[in-house]
Amino acid sequence: MTYDARVRVTTARRGTAWRALRSPGIALDLGSARTRIWTRGGPGAHTVLDVPTVSFGPAGDTGVLRPVARGAVVDPEGAARLLTRLLAPRVPRYARPVIVCATPVPGGPEHRAALAAALAGLRPRTVLAIDAVRALALAAGADLSRPLLVVDLGAQLTEVALLHDGVVTAARRIERGTADLGTADLGAGDDGGLTAGRLAARVGEAVADLLRDEPGRRAAEALGRGPLLGGGGALRAELVYRLARQLDTSVHPVPRPHTAAVRGAGEALLSARRHPALAAPVTPVHPT
């Protein structure tokens with residue numbers, strides 16, 4: 001290698017390092033009960049921060065706020081204070097991070113607008129959204145070329161989704177009346193409380209809906225493979241057992257299911273940076 005070539009290589013590497021410093025990558029799972037943040041460390045390394053989703057009022061206000069409810073940002077200002085407190089020490093000054101957020105499937109434009117507002121204080125270069133169920137599949141290293149069922153067992157939100165070629169083709173939320181249900185509701189209610197068996201039965205009804213409504217054999221094939229289970233509820237042995245009995249098939253909790261969504265979002269972030277063509281399933285929320 002000539003001297004000039006070495007200079008060009010060194011300059012290119014410095015340019016790449018500078019761009020990475022200016023646009024650090026962050027993955028985020030802003031859940032109703034817990035907030036998980038993925039940040040990249042050294043080569044091949046990353047860290048996951050896992051904290052309660054609570055915020056505090058403006059200076060002088062000591063009240064504790066919960067800015068996310070049933071998977072939706074209900075207090076963008078409170079969420080902004082939470083994220084600024086957590087992320088400001090991790091984002092270099094003058095940097096404009098690229099952020100990938102794991103979001104509920106039926107989040108809708110209002111939820112995404114509230115999420116973008118909560119992140120605006122970090123001056124992101126781009127905010128991208130990925131369905132949390134797809135992020136769970138990425139974290140599990142699942143074969144996305146085949147139909148796949150994913151059940152996300154969150155504290156205040158439970159989702160059942162069918163993926164085909166890595167894209168969500170159908171999804172259901174588990175509800176009681178008009179209210180979403182999650183593992184935080186276990187034991188609550190006037191009818192003796194929501195039990196693991198009752199929640200599993202609701203999941204079974206949602207899977208039956210997918211089998212009925214989804215054309216062809218994709219849903220049946222996905223059920224035969226056995227659904228992936230993610231979210232904190234996948235750590236509950238009784239609930240996992242009840243789901244296997246209800247669905248009459250094997251179920252597969254993903255490794256470290258409580259942080260799988262944010263780790264999958266981190267995988268999507270790295271893939272999008274290495275191979276821009278792979279970013280197509282990731283939907284822009286707040287491009288700048």
Side-chain angles (χ1 to χ4, degrees), residues 31-32 70-71 102 104-106 131-189 191-261 263-264:
S32 306
R70 303 295 174 185
V105 174
D131 295 322
V133 288
R134 182 172 182 268
L136 288 172
L138 290 176
D143 179 2
L144 296 181
S145 67
R146 300 171 57 196
L148 180 68
L149 272 174
V150 180
V151 182
D152 187 2
L153 300 162
Q156 295 185 12
L157 184 67
T158 303
E159 290 188 297
V160 180
L162 176 65
L163 279 68
H164 183 61
D165 289 333
V167 177
V168 177
T169 59
R172 300 287 188 276
R173 282 187 173 187
I174 308 305
E175 300 175 331
R176 179 165 52 192
T178 59
D180 294 308
L181 288 177
T183 57
D185 300 300
L186 291 173
D191 57 351
L194 179 70
T195 64
R198 290 179 179 178
L199 182 56
R202 297 292 180 89
V203 172
E205 293 169 3
V207 171
D209 284 343
L210 292 180
L211 286 168
R212 200 165 36 244
D213 297 341
E214 186 65 19
R217 299 175 52 86
R218 292 186 301 197
E221 181 183 343
L223 180 60
R225 293 179 65 188
L228 289 180
L229 305 183
L235 294 171
R236 295 175 176 252
E238 182 186 3
L239 182 53
V240 173
Y241 170 76
R242 295 283 185 178
L243 282 170
R245 290 288 300 272
Q246 180 68 40
L247 298 174
D248 192 24
T249 188
S250 59
V251 296
H252 310 287
V254 305
R256 292 167 287 158
H258 55 304
T259 62
R263 289 186 285 110

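This is a predicted model, so every value here is computed, not measured.
The closest side-chain heavy-atom distance from Leu138 to Leu144 is below 4.5 Å. You'll find the side chain of Pro227 reaches within 4.5 Å of the side chain of Thr249, heavy atoms only.
Using a cut-off of 4.0 Å between Lys/Arg side-chain N and Asp/Glu carboxylate O, Asp185 and Arg70 are scored as salt-bridged.
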Pairs under 3.5 angstrom only: tabulate donor-acceptor contacts from the side chains of residues 160-170 to other protein residues two or more places apart or in another chain.
residue : atom : partner : partner atom : Å
Thr169  : OG1  : Leu162  : O            : 3.3

Could you give the side-chain donor-acceptor pairs of residues 231-248 under 3.5 Å, partners two or more places apart or in another chain?
residue : atom : partner : partner atom : Å
Tyr241  : OH   : Arg245  : NH1          : 2.6

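The minimum heavy-atom distance linking Leu229 with Pro257 is given by the pair O-CB, 4.3 Å. A pairwise comparison of heavy atoms in Ser32 and Gly71 identifies OG-N, 2.8 Å as the closest pair. Between Pro255 and Ala260, the shortest heavy-atom distance links the atoms O-CB, 4.3 Å. In this structure, Leu228 and Ala137 approach most closely via the heavy-atom pair CD1-CA, 4.0 Å. Residue Leu194 comes nearest to Arg198 through the heavy atom pair CD1-CB, 3.9 Å, listed as atom of the first residue, atom of the second, then distance. Contact detail for Val105 and Ala171: the closest heavy-atom pair is CG1-CB, 3.7 Å.
Between atom CG of residue Leu148 and atom CZ of residue Arg218 there is a gap of 13.0 Å, rounded to the nearest 0.5 Å. Within the model, atoms CZ of Arg225 and NE2 of His252 stand 8.0 Å from one another, a figure rounded to the nearest 0.5 Å.
Annotation: side-chain hydrogen bond (donor to acceptor under 3.5 Å, both in side chains) contacts of Thr183 (sequence neighbours excluded): none. Residues forming a side chain to side chain contact (heavy atoms under 4.5 Å, CB included) with Glu175 (at least two apart in sequence, or on another chain): Arg173, Asp180.
Applying the side-chain hydrogen bond (donor to acceptor under 3.5 Å, both in side chains) test to every pair with at least one member in residues 139-148, sequence neighbours left out, gives these pairs: Asp143-Ser145.
Listed for the Glu159 side chain is no donor-acceptor partner under 3.5 Å among the backbone atoms of Val133. When atom types are taken as modelled, the side chain of Ser250 and the backbone of Gly226 share no donor-acceptor pair closer than 3.5 angstrom.
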